[in-house]
Amino acid sequence: QLQVVESGGGSVQPGGSLRLSCVGSGFNLAYFGIGWFRQAPGKEREEIACFSNSDGRTYYQASVQGRFVMSRDNAKNTVYLELNSLKPEDTGVYYCAADKGLLPEALCADPEEYDYWGQGTQVTVSS
């Protein structure tokens with residue numbers, strides 16, 4: 001079965017850090033465009049970071065720029081999202097999504113662009 005699975009969420013205090021993992025099962029993530037999305041309580045799901053396999057670059061939304069870092073370990077077929085300097089407003093369910101086609105920056109925020117979604121992992125930032 002082709003799927004992605006997230007892990008690494010948890011509860012942290014403001015200013016803390018977490019590292020989320022997204023593992024591909026049944027396919028090689030190295031060739032896929034990858035998006036990280038977040039859904040805060042009572043809000044719509046929003047894209048926060050994206051790796052474009054169209055230009056090989058990683059893009060971040062302004063709300064997380066400079067605090068979150070996407071990386072990958074192709075040997076482990078895993079993409080990571082490191083969350084630093086966490087704020088209460090970062091609380092939500094975080095999802096990894098994979099696009100089997102080319103993913104240009106302009107389409108990173110479109111959930112319809114992605115073919116595989118994980119089940120989500122909860123991140124709670126609270127004192």
Side-chain angles (χ1 to χ4, degrees):
Q1 183 178 1
L2 305 180
Q3 61 180 351
V4 293
V5 179
E6 306 100 335
S7 62
S11 295
V12 296
Q13 293 186 340
S17 297
L18 286 171
R19 189 176 74 164
L20 308 183
S21 299
C22 172
V23 181
S25 177
F27 59 92
N28 190 341
L29 280 179
Y31 302 105
F32 284 64
I34 301 294
W36 282 96
F37 288 73
R38 172 174 72 193
Q39 188 164 18
K43 296 187 177 181
E44 293 188 356
R45 192 176 301 188
E46 63 169 345
E47 178 255 343
I48 55 173
C50 167
F51 170 75
S52 167
N53 58 350
S54 178
D55 61 17
R57 298 180 64 180
T58 302
Y59 298 91
Y60 302 92
Q61 293 298 327
S63 59
V64 305
Q65 178 76 48
R67 299 189 298 122
F68 292 7
V69 179
M70 183 189 291
S71 62
R72 61 172 64 219
D73 184 336
N74 291 334
K76 295 182 178 180
N77 203 25
T78 301
V79 175
Y80 301 100
L81 185 67
E82 185 172 340
L83 317 180
N84 300 308
S85 302
L86 282 162
K87 305 175 181 179
E89 52 263 42
D90 293 319
T91 294
V93 179
Y94 284 68
Y95 298 90
C96 169
D99 179 358
K100 64 183 178 182
L102 286 178
L103 180 65
E105 179 193 6
L107 295 179
C108 279
D110 183 359
E112 298 295 325
E113 186 67 17
Y114 298 87
D115 302 287
Y116 305 103
W117 287 84
Q119 80 290 351
T121 185
Q122 176 71 43
V123 172
T124 302
V125 185
S126 174
S127 56

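Quick caveat, the model's predicted, so the values are computed rather than measured.
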Student: Excluding sequence neighbours, so at least two apart, what forms ring pair (Phe, Tyr, Trp, His ring centres under 6.0 Å) with Y114?
Tutor: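 For Y114 the ring pair (Phe, Tyr, Trp, His ring centres under 6.0 Å) partners, ignoring immediate neighbours, are F37, W117.
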Student: Is there a side-chain contact (heavy atoms from CB on, under 4.5 Å) between Q3 and V5 once you walk through the steps?
Tutor: CA-CA 7 Å; Q3 61 180 351; V5 179; 4.2 Å; yes
Student: Report yes if some heavy atom in the side chain of S126 is under 4.5 Å from a heavy atom in the side chain of S11; otherwise report no.
Tutor: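 Not in contact.
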Student: Between Y60 (side chain) and M70 (backbone), is there a donor-acceptor pair under 3.5 Å?
Tutor: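 Confirmed, Y60 side chain pairs with M70 backbone.
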Student: Check P104 against S52 and note the closest heavy-atom contact, atom names and distance.
Tutor: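 The answer is CA-OG, 3.8 Å.
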Student: How about Q39 and E46: do any of their side-chain heavy atoms sit closer than 4.5 Å?
Tutor: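 No - every pair of side-chain heavy atoms lies 4.5 Å or more apart.
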Student: Can you list every disulfide bond (SG atoms under 2.5 Å apart) pair that touches residues 35-82, not counting sequence neighbours?
Tutor: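 Applying disulfide bond (SG atoms under 2.5 Å apart) to every pair that reaches into residues 35-82, excluding sequence neighbours, yields C50-C108.
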Student: Restricting to non-hydrogen atoms, name the atom on V64 and the atom on I48 that form the minimum distance, rounded to 0.1 Å.
Tutor: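 Scanning both residues, the minimum pair turns out to be CG2-O, 3.4 Å.
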Student: Can you get from V23 to Y31 by hopping between Ile, Leu, Val, Met, Phe, Trp and Tyr side chains that sit under 4.5 Å apart?
Tutor: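 No: no chain of side-chain contacts under 4.5 Å links V23 to Y31.
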Student: Check whether any side-chain heavy atom of L20 lies under 4.5 Å from a side-chain heavy atom of T121, and answer yes or no.
Tutor: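 Yes, their side chains come closer than 4.5 Å.
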Student: Decide yes or no for T91 and V123: does some side-chain heavy atom of the first lie under 4.5 Å from some side-chain heavy atom of the second?
Tutor: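 A side-chain contact under 4.5 Å is absent here.
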Student: Would you kindly confirm whether L29 and L103 end up in one hydrophobic cluster when ILVMFWY residues are joined by side chain heavy atoms under 4.5 Å apart?
Tutor: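 No, separate clusters.
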Student: Does L102 form a side-chain contact (heavy atoms from CB on, under 4.5 Å) with L107? I'd like the steps, not just the answer.
Tutor: CA-CA 10 Å; L102 286 178; L107 295 179; over 6 Å; no
Student: Any side-chain to backbone donor/acceptor pair from D90 onto V125? Under 3.5 Å, distance only.
Tutor: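 No: the side chain of D90 does not pair with the backbone of V125.
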Student: Test the R72-F51 pair against the cation-pi criterion, namely NZ or CZ under 6.0 angstrom from the six-membered ring centroid and within 45° of the ring axis.
Tutor: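 Checked: cation-pi criterion met.
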Student: Is the shortest side-chain N to carboxylate O distance from E82 to R19 below 4.0 Å?
Tutor: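 Not counted as a salt bridge, because no side-chain N and carboxylate O are separated by less than 4.0 Å.
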Student: Would you say Q122's side chain and G9's backbone share a donor-acceptor pair under 3.5 angstrom?
Tutor: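 Pair absent, no side-chain N/O of Q122 close to backbone of G9.
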Student: Going by heavy atoms in the side chains, are V4 and Y95 under 4.5 Å from each other?
Tutor: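 Sidechains of Y95 and V4: no contact.
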Student: Just grab all the disulfide bond (SG atoms under 2.5 Å apart) pairs involving residues 55-106, residues at least two apart or on different chains.
Tutor: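 Pairs touching residues 55-106 that pass the test: C22-C96.
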Student: CG of N84 to CZ of R67: how many Å apart, nearest 0.5 Å?
Tutor: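 If I round to the nearest 0.5 Å, the distance is 9.0 Å.
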Student: Would you check if R45 and V93 make a side-chain contact, meaning some heavy-atom pair closer than 4.5 Å?
Tutor: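 Counting from C-beta outward, R45 and V93 never come under 4.5 Å.
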Student: Linking I/L/V/M/F/W/Y whenever their side-chain heavy atoms sit closer than 4.5 Å, directly or via other members, would Y80 and F32 fall into one cluster?
Tutor: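 Per the 4.5 Å side-chain linkage, Y80 and F32 are not co-clustered.
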Student: Quick check against the 3.5 Å criterion: does N28 have a side-chain atom that pairs as donor or acceptor with the backbone of N77?
Tutor: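 No; judged by distance alone, with no hydrogens or angles, the pair does not exist.
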Student: Should L81 and V69 count as side-chain neighbours, where that means a heavy-atom distance under 4.5 Å?
Tutor: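 Sidechains of V69 and L81: no contact.
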Student: If you define the side chain from C-beta out and look only at heavy atoms, does anything of D99 sit under 4.5 Å from Y116?
Tutor: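 No, too far: nothing below the 4.5 Å cut-off.
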Student: Could you please spell out the steps behind the side-chain contact (heavy atoms from CB on, under 4.5 Å) verdict for S63 and R38?
Tutor: CA-CA 12 Å; S63 59; R38 172 174 72 193; 3.8 Å; yes
Student: Go through the side-chain N and O atoms of E47 and Q61 and say whether any donor and acceptor fall under 3.5 Å apart.
Tutor: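 Yes, a side-chain donor-acceptor pair sits under 3.5 Å.
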